[in-house]
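Counting begins at 1 with the first residue of the sequence.
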Amino acid sequence: MKLLILYFIVSVTVVAAKEIGVRTYDGYDVLSVRADSPSQFELLKQLVLNEELDFWTSPKYQDVTDIMVSPEQKDLIIALFSSEEMKWSVKIFDVGRLIRDQKVENSLLGSETNMTWTVYHRYVEIVKWLESISTNPLVTLTVIGKSSEAREIHQVQISSGRKENGELKPAIFIDALFHAREWVSGASATWIINEIISNPTKYESILSKFDFFIVPMVNPDGYEFSHTSQRFWRKTRSKNSGSSCYGCDPNRNFAFHFGGEGTSSNPCSEVYKGENAFSEPETAAVSVAIKKLQSERVVHAYFTVHSYGQMWLLSWGYARGAYPPDFAELLKWGKRSVEAIKDIHGQSYITGQGADVLYAVGGASDDWAKNEGIKYVATLEVRDSGSYGFALPPNQIIPTAEEIWAGIQLLETTIN
């Protein structure tokens, strides 16, 4: 099998379309392939490290994995899967058409001047809205850092004040848009901000127990690039010394099991870990913001919002079969949370240890946060299960945000 993989990687590198400028994705398809044997799973684990393939989901064992392929790659990879007797199907035909449909819906439903959650807004529009809500008495807006291209990274604190005894309340920290193409993650985060500050009486109880700290755009450079040039850009946009390839995977760049499984040292890889832990100003900003909070108060929970797959993932995620001492308690919390999610719109999420459910990942923000002493930590992989993948229509922003917000609110039952 090793020779077959080598042949495929060499062949696909030769034929891969290196588009310059705006990438249309015309004729690209998303294939779903199932790995039912250990050798088939190992094949996917080898292929995910090939920078010419775009894995939309991490390799899964005895489940399906989604991979976007160009027209030039399609026949080669199908031949490879067939040689290994792997079951596959086309999940999304012509990704370019899907993008055009999303743009049409975005333009018909949205507004360039008013913040709405029926459209995916650009960075500047979101920043203007954040600045506009900074006058709300519940809100404190701060800049926690700048990206590689000097865009500001904003944090929204939502607080009704100190406890009656004068102490600071425990913090709930939420971030989103680590991966640029996961547009619904950032839109969900801003919806949650708006929902809380627009309904302070409704959320008086949870605000009496917690302060919220929400970073809706961790990776603003990548997010803008996904709007202007490559819709499915994943990484940051930092320059890599000695390479023409830009950026690293910010969710492989944290200082816990850095360089472990599911990472790459190749700057052209979608899972490139970076030159060193916290090499990216974006990940450094998040870590410093959390550490600053911990120096002042208890950080009760950390959520990082991603898409897609409909999962509530728990630590540890760096290796299969590795569990923190309080895992049984966290799993009960996860199960109750996904039940709360299902009660909103009937959507089913699964929960469990990240590497058991998906694929082991080193240098991830959730494991780093758990290792820093935060008890309740979860990666939320939101809608959908693959019908649209990263190109989720904007009419699903609000229901997506509503359901994960229901799960997050269960934290109120975890504190005296």
Quick one: list whatever passes salt bridge (Lys or Arg N to Asp or Glu O under 4.0 Å) with [X], sequence neighbours left out.
| X | value |
| --- | --- |
| Arg122 | Glu224 |
| Asp356 | none |
| Lys291 | Glu372 |
| Asp36 | Arg34 |

Problem set entry | Validation row: Tyr272, Thr263 side chains within 4.5 angstrom (heavy atoms) | no
Problem set entry | Side chain proximity check, Pro399 to Ile344, heavy atoms < 4.5 angstrom | no
Spacing of [atom1] belonging to [X] relative to [atom2] belonging to [Y], to within rounding of 0.5 Å:
| X | Y | atom1 | atom2 | answer |
| --- | --- | --- | --- | --- |
| Gln73 | Asp29 | CD | CG | 11.0 Å |
| Lys370 | Asp367 | NZ | CG | 10.0 Å |
| Glu195 | Ile158 | CD | CD1 | 10.5 Å |

Exercise. Less than 4.0 Å between a side-chain N and a carboxylate O, is that true for Glu296 and Lys292?
Worked result: yes
Which residues share a side-chain contact (heavy atoms from CB on, under 4.5 Å) with [X], sequence neighbours left out:
| X | answer |
| --- | --- |
| Lys332 | none |
| Phe278 | Phe254, Ala255, Thr283, Ala284, Ser287, Trp368 |
| Phe327 | Leu314, Tyr323, Pro324, Leu331, Gln353 |
| Asp343 | none |

Exercise. Heavy-atom count around Lys342 NZ within 6.0 Å, excluding the residue itself: above 12?
Worked result: no
Exercise. Got a sec: does the NZ of Lys146 have more than 12 other heavy atoms crowding it under 6.0 Å?
Worked result: no
For this session: Begin with the C-alpha distance, continue with both residues' side-chain angles, and end with the deciding distance and a verdict on salt bridge (Lys or Arg N to Asp or Glu O under 4.0 Å) for Lys60 and Asp66.
Result: CA-CA 9 Å; Lys60 299 177 186 176; Asp66 296 344; over 6 Å; no
If you look only at distance, which donor and acceptor atoms sit under 3.5 Å apart when one is on a side chain in residues 161-171 and the other is two or more places apart or in another chain?
residue: Arg162; atom: NH1; partner: Gly166; partner atom: O; Å: 2.8
residue: Asn165; atom: OD1; partner: Glu167; partner atom: N; Å: 2.9
residue: Lys169; atom: NZ; partner: Ser160; partner atom: OG; Å: 2.7
residue: Lys169; atom: NZ; partner: Gly161; partner atom: O; Å: 2.8
residue: Lys169; atom: NZ; partner: Leu207; partner atom: O; Å: 2.6

For this session: Just grab all the side-chain hydrogen bond (donor to acceptor under 3.5 Å, both in side chains) pairs involving residues 376-392, residues at least two apart or on different chains.
Result: Glu329-Tyr376, Asp366-Thr379, Arg383-Gln396, Arg383-Glu403
Exercise. Quick one: does NZ or CZ of Arg23 land under 6.0 Å from the six-membered ring centre of Trp233, within 45 degrees of the ring axis?
Worked result: no
For this session: Quick one: do Phe212 and Trp405 satisfy ring pair (Phe, Tyr, Trp, His ring centres under 6.0 Å)? Show the steps, please.
Result: CA-CA 12 Å; Phe212 287 84; Trp405 174 229; 5.8 Å; yes
For this session: Please report the shortest heavy-atom distance between Leu410 and Arg336, naming the atom on each side.
Result: CD1-O, 3.2 Å
Problem set entry | Nearest atoms (heavy-atom pairs only) where Ser58 meets Tyr359 | CB-CB, 3.8 Å
Exercise. In this structure, which one of Arg181, Lys235, Lys273, Arg234 forms a salt bridge (Lys or Arg N to Asp or Glu O under 4.0 Å) with Asp249?
Worked result: Arg234
For this session: Using ring pair (Phe, Tyr, Trp, His ring centres under 6.0 Å) as the criterion, list what pairs up with Phe390, not counting sequence neighbours.
Result: Trp56, Tyr308
For this session: Return the set of residues passing ring pair (Phe, Tyr, Trp, His ring centres under 6.0 Å) with Phe55 (not counting sequence neighbours), or none when no residue passes.
Result: none
Problem set entry | Intermediate values then yes/no, side chain to side chain donor-acceptor pair (under 3.5 Å), Asp221 and Ser148 | CA-CA 7 Å; Asp221 297 347; Ser148 294; 4.7 Å; no
